[in-house]
Amino acid sequence: MSSGFSTRTLLRETLRNLRAGSAQAIAIAAVAGTLAFGLCLASSTELSSIKMQHDRLIERGAYVFSISDITGQPLDGSRCEELRTVPGVVAAGGIISNATISPTLSQSTTIAYSEGTPGLAQVLWPKGFRDSASNVAGVVVGAGLADRYGLRAGALFSAVDRSGFENLFAIGAVARKSERAEAFDRAILNVVAAESDIATCLVESRPSAVTALSKVLIGWFSLSETRATSYYVSDRSSISPTEQLNTRLSQYAPIAAGSIMVVLFSLVTMARRGDFALYAVLGLGKRGLGTILIVEYVLLLLIPSCVGLSVAIVALGSGVDQFVLDQTALDSLRFIFLASIAPVASMIAISFNPPLDYLRGR
Amino acid sequence: MRLEISGIAVRFKNRVVFDDFSAVFGSGLTAIMGPSGSGKSTLLSVIAGHLVPQKGHVVLPRPESRVDWIVQSAPVLWRRSALDNVMLGPLSAGASHHLARQSALSAMTLVGVDELATTPAFQLSGGERQRIAVARAIGTGSDVILADEPTASLDPGSREAVCDALERAGTSGRVVLVATHDAYVRDRCQSTLAIERMSGGTGQ
């Protein structure tokens with residue numbers, strides 16, 4: 001007995017079958033669309049949280065390293081500033097000295113005072129000076145100190161050092177509030193020439209470049225005993241963002257959602273074994289059955305999933321970071337890839353339970 | 001119309017079902033009777049092409065003849081109408097949708113189930129499903145219709161209606177083979193082939 005079911009007839013039959021069982025079809029499509037939508041939301045929520053923590057770590061200076069010579073020899077300040085040209089380095093600046101001073105009007109108060117190269121301002125107050133390259137000059141005061149003493153650019157500030165010598169500072173700039181450390185908001189930085197000798201070089205890198213950068217730093221100052229340590233050790237998270245990304249729960253969501261769809265689709269297919277038995281009696285072969293299953297997969301799983309994913313991504317689009325969006329889209333593609341196993345799994349399930357056996361009561 | 005079975009042999013593991021079995025069937029209804037396990041369904045499977053005999057062959061009335069198989073469970077697409085279910089036959093034979101609809105309606109009228117055309121299949125009784133299956137076979141234009149226990153578990157009224165439908169298919173020049181245990185069905189057939197378990201030989 002040969003089958004004359006043309007592809008067009010099979011398509012029409014599949015559509016008519018879906019229309020006849022529209023409640024079931026709509027339910028499956030709704031499950032697929034909702035799963036896809038939920039998958040996107042779950043992924044983007046967890047990824048946004050990780051990204052937020054990551055950004056917070058960066059703001060607090062978790063990727064700032066301190067380079068100094070073990071023997072206490074001074075380093076070349078201009079060499080430290082040059083580190084900014086190394087790929088992966090965000091900012092670099094040298095500390096010449098650290099001390100404390102007291103306002104002349106309130107000598108019981110102590111203020112952190114540093115002398116450093118221009119890049120140091122970019123390391124200490126990234127929001128205020130990140131884009132100003134090497135143009136930072138003069139005396140920079142923290143936002144807290146400026147508020148307390150009413151300091152503005154161009155104002156004068158008088159303070160005495162520990163030896164009682166009075167210094168008059170002409171304020172060059174007021175830094176924006178620093179996320180890195182509260183102490184920086186009450187500090188004064190006296191920016192001096194980049195060519196000065198420095199005691200410590202602070203280097204801020206991109207997180208992804210830490211490993212590569214640590215290799216570059218060795219020998220950068222032509223001193224064999226240079227060491228690089230984390231500057232803000234206490235700000236380091238016990239789990240790095242990379243580890244958090246690798247262990248995030250939502251990465252398993254595509255597997256779970258895809259498996260649900262494969263099992264659901266296979267169960268629905270097996271429940272319709274009687275229908276396929278009739279088609280088999282009429283001569284429909286494996287190829288025809290495959291055509292029906294693929295059309296049903298496209299209409300019931302693929303299109304609703306794509307709609308659900310698209311709606312979620314459009315809804316998230318303006319509100320989330322590009323990285324989060326990319327990762328979420330990747331999770332979505334994984335889900336669609338896994339769900340595409342559904343018609344194959346159904347074919348395998350059917351091959352173990354041939355429709356003609358159904359007619360024989362097996 | 002003439003269906004010829006020539007010297008077929010069918011064995012399942014250690015069990016011989018047919019050994020050099022031959023038979024010739026003409027147009028009209030033929031009852032195939034025999035005890036359970038005698039090979040009635042196996043014979044229909046061989047004729048339908050679902051089972052290939054180890055030896056021998058089946059000669060259909062015409063090389064392009066279609067064979068339709070009506071099984072006891074009379075499967076239907078439950079959510080589709082009776083007409084849709086009958087149309088599946090002509091559609092499977094490559095007919096266009098329009099032609100399939102015409103053939104199906106004619107076949108349903110011939111079998112006497114035209115009033116059920118718009119009835120959803122899940123509302124049909126067992127007997128009505130069997131008659132729909134007969135209409136589907138007629139609508140397909142099959143030269144050979146095989147019915148495997150078509151009246152099993154049917155009430156007398158439904159049994160008579162199914163036999164009427166098969167009879168109409170037979171009188172329209174088709175070879176209709178009905179595997180049955182039912183004496184009533186046998187009496188409605190023009191000829192009978194009795195098969196014994198582990199049989200060998202010929203029948204006509």
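Computed from a predicted structure; not experimentally measured. Below, read A as the first sequence line, B as the second, and so on, with proteins coming before strands; counting in each chain starts at 1.
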Quiz item: Is atom CZ of B/Arg159 surrounded by more than 12 heavy atoms (other residues, nucleotides or ligands) closer than 6.0 Å?
Solution: yes

Quiz item: If you check every heavy atom in residues 8-15 of chain A against those of chain B, which residues fall under 4.5 Å?
Solution: A/Thr9, A/Arg12, A/Glu13

Quiz item: Residues two or more places apart in sequence or in another chain: which of them pass ring pair (Phe, Tyr, Trp, His ring centres under 6.0 Å) with A/Tyr279?
Solution: A/Phe5

Quiz prompt | Sequence-distant partners of B/Asp148, salt bridge (Lys or Arg N to Asp or Glu O under 4.0 Å), two or more places apart | solution = none

Side-chain donor-acceptor pairs under 3.5 Å in residues 104-113 of chain B, sequence neighbours left out?
| residue | atom | partner | partner atom | Å |
| --- | --- | --- | --- | --- |
| B/Ser106 | OG | B/Gln102 | O | 3.0 |
| B/Thr109 | OG1 | B/Leu105 | O | 2.8 |

Quiz item: Nearest 0.5 Å, what's the CG-CG distance between A/Leu282 and B/Leu91?
Solution: 9.5 Å

Exercise. Write down the atom of A/Gly274, the atom of B/Pro75, and the distance for their closest heavy-atom approach.
Key: O-CB, 4.1 Å

Quiz item: Is it true that the side chains of B/Arg79 and A/Asn17 contain a donor and an acceptor less than 3.5 Å apart?
Solution: no

Practice problem: Would you mind reporting whether B/Arg136 and A/Leu278 have side-chain heavy atoms less than 4.5 Å apart? | Solution: yes

Quiz item: In terms of heavy-atom contacts, does CZ of A/Arg287 have more than 12 from other residues, nucleotides or ligands at under 6.0 Å?
Solution: no

Quiz item: In terms of heavy-atom contacts, does CZ of B/Arg62 have more than 12 from other residues, nucleotides or ligands at under 6.0 Å?
Solution: yes

Quiz item: More than 12 heavy atoms of other residues, nucleotides or ligands under 6.0 Å from OH of B/Tyr184: is that the case?
Solution: yes

